[in-house]
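Working notes, beginning with the structure itself.
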Amino acid sequence: MGMLVMIYAAQVMDPQRSEVRVSEVYRSLGLEAGSKDVPASNASLPQLRDVASSVTQSVVYIETEVAASARALPDDENHNFDDPNWEQFFPRRRASTIGSGVIVSEDGYIITNNHVIAGTDDATIRVTLNDKRIFTARVVGRDPSTDLAVLKIESDGLPHVLVGDSDLVEVGDWVVAVGNPFRLRSTVTVGIVSALGRNVDIIADQMRIESFIQTDAAINRGNSGGALVNQFGELVGINTAIATENGAYQGYGFAIPSNMAFKISQDLIEFGSVKRGYLGVNIVSVGQDRAAQLGLPAIEGVEIVNILRNSAAESIGLRNNDVILSVDGVKVNEANHLQERVALRRPGEEVNLEIWRSGTTTTYTVLLNGLEN
């Protein structure tokens, strides 16, 4: 039977607040995947070799030291764990793990996966740049719900990626994955976007938010936290997981969309924690039978099955069995699609919901709450 595995999954630690200064993270304003202005001639597009050369400069190799399982032995002069005679009988108390990260600002902010650095402290995270410079990184913040984390290294003038708009990504788009699989530094693979909005139940957190970009670009152990870029070299995803039966690449890789990664990293840098808006509803996707029961003209939307007291949803009069068709004009046909759209907003921000109720479609404007509300 097949299994879904997260690359180097590990226990989650609490976010560590870090003092930060203002940093510039650059969003794309030019041609992007899905743009109506993309030239018809491939000769007008960047060559993959140029994209690979540019992106590899901003993808880093992360090596961490984490606690390893070992028998309880006294730590004294009689038990030298560096002695090879001990090593053959007892495993070391600490083990190293590897992963990747993406530099998003010239002063050294790096986005990676939370599971890449889980179980570590700042002193055990070593970052190696493409030019072989080595830094010790500190943790700015972590978000177990999306499996994202932000690191900081002290340097200036660093090469950094241009963050693209993942909402413009479409199935069939060419993408390039850059990372460090099996300690093979700066490895580049190419594929297409195979699917969007995948929920594969792989993030081990009660409040998990999964709406992955699926790709057939080869992703393996060590690619976690690396870059998925479009044909213009813009970051559209953070490589996170694979679906496999043998622990290695079998054609199915998953990346966190760049819009989610950008929002989460902004929050972690600015506040040290994530400021996430909540609608306050329990929801399920609408299937064929339920659509017929509700009288929907099409199989679409997400049904509200419970509304929390004193929630944003309650405040505007939403009801059980209402069907949410879109958020700010973006169709939501799966429960995780709705979670993703709302998670991109902060408490106190407004969203527009298209609601279907008893044969009538109405647009509601709702002010999102925070989790503490």
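Everything quoted here is computed from the prediction, not taken from an experiment.
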Co-membership, hydrophobic cluster, residues Leu296 and Ile304, 4.5 Å side-chain: no
Side chain to side chain, Asp107 and Asp156, heavy atoms closer than 4.5 Å: yes
Side-chain heavy atoms of Val332 within contact of Leu325, under 4.5 Å: no
Among Leu162, Val178, Val188, side chain to side chain contact (heavy atoms under 4.5 Å, CB included) partner for Val55: Val178
Test salt bridge (charged side-chain N to carboxylate O under 4.0 Å, His left out) applied to Lys263 - qualifying residues, sequence neighbours left out: Asp267
Ser326 side chain to Glu354 side chain, donor-acceptor N/O pair below 3.5 angstrom: yes
Counterpart residues, salt bridge (charged side-chain N to carboxylate O under 4.0 Å, His left out), relative to Glu63 (two or more places apart): Arg126, Arg183
Under-4.0 Å salt bridge between Asp167 and Arg341: yes
Reported CD1-to-OG distance for the pair Ile110 and Ser100, which is rounded to 0.5 angstrom: 11.0 Å
In one Ile/Leu/Val/Met/Phe/Trp/Tyr side-chain cluster, 4.5 Å: Leu344, Ile238: yes
Residues in side chain to side chain donor-acceptor pair (under 3.5 Å) contact with Ser311, at least two apart in sequence or another chain: none
Results of side chain to side chain donor-acceptor pair (under 3.5 Å) for Asn130 - residues two or more places apart only: Gln57, Ser186
Residues clustering with Val284 (ILVMFWY side chains joined when closer than 4.5 Å, directly or via others): Val305
Val150 side chain near Ile269 side chain, heavy-atom distance below 4.5 Å: yes
Same cluster (ILVMFWY, side-chain, under 4.5 Å), Ile316 and Val302: yes
Thr189 side chain vs Ala218 backbone, donor-acceptor pair below 3.5 Å: yes
Side-chain donor or acceptor of Ser105 paired with backbone N/O of Tyr109 under 3.5 Å: yes
Ile264 CD1 to Asn114 CG distance, which is reported to the nearest 0.5 Å: 11.5 Å
Salt bridge (charged side-chain N to carboxylate O under 4.0 Å, His left out): pairs with one or both residues in residues 272-299, sequence neighbours excluded: Asp143-Arg276, Arg290-Glu303
Closest non-hydrogen atom pair between Ile219 and Ala177, with its separation: CG1-CB, 4.4 Å
Residues which pass side-chain contact (heavy atoms from CB on, under 4.5 Å) with Thr365, listed by chain and number, not counting sequence neighbours: Glu350, Asn352
Qualifying residues under side-chain contact (heavy atoms from CB on, under 4.5 Å), relative to Asp216, sequence neighbours excluded: Ile192, Ser194, Tyr249
Side chain to side chain donor-acceptor pair (under 3.5 Å) involving Asn320 - partner list, sequence neighbours excluded: none
Any donor-acceptor N/O pair, Asn333 side chain to Gly301 backbone, under 3.5 Å: yes
Taking every non-hydrogen atom, the tightest pair across Leu294 and Trp356: O-CH2, 2.8 Å
Pairs where residues 311-320 contributes a residue and the test salt bridge (charged side-chain N to carboxylate O under 4.0 Å, His left out) is met, not counting sequence neighbours: none
Non-hydrogen side-chain atoms of Ile134 and Leu129 separated by less than 4.5 Å: no
Nearest non-hydrogen partners of Ile256 and Thr146, listed with the distance: CD1-O, 3.1 Å
His160 vs Val104 side-chain heavy atoms within contact, under 4.5 Å: no
Results of side-chain contact (heavy atoms from CB on, under 4.5 Å) for Val342 - residues two or more places apart only: Leu338, Leu368
Non-hydrogen side-chain atoms of Asp328 and Arg345 separated by less than 4.5 Å: yes
Ser265 side chain to Ala261 backbone, donor-acceptor under 3.5 Å: yes
Gly99 to Val116 - nearest heavy-atom pair and separation: CA-CG1, 4.0 Å
Option from Leu235, Ile103, Ile111 for which side chain to side chain contact (heavy atoms under 4.5 Å, CB included) with Val161 holds: Leu235
Leu151 side chain reached by Ile117 side chain, heavy atoms, under 4.5 Å: yes
Tyr61 six-ring centre to Arg185 NZ/CZ under 6.0 Å and within 45° of normal: yes
Closest contact, heavy atoms only, Pro181 versus Thr187: CD-CB, 3.5 Å
His337 versus Ser211, side-chain donor and acceptor atoms under 3.5 Å: no
Test item: side-chain donor near acceptor, Asn113 and Thr240, under 3.5 Å: yes
Greater than 12 external heavy atoms within 6.0 Å of Tyr252's OH: no
Common cluster, Val281/Leu308, ILVMFWY with side-chain heavy-atom separation under 4.5 Å: no
Minimum side-chain heavy-atom gap Asn223-Asn180 below 4.5 Å: no
Thr56 (side chain) donor-acceptor with Ala52 (main chain) under 3.5 angstrom: yes
Partner set under side chain to side chain donor-acceptor pair (under 3.5 Å) for Gln339, not counting sequence neighbours: none
Common cluster, Val323/Leu318, ILVMFWY with side-chain heavy-atom separation under 4.5 Å: no
Exercise: identify the closest heavy-atom pair between Ser166 and Asn259: OG-N, 3.0 Å
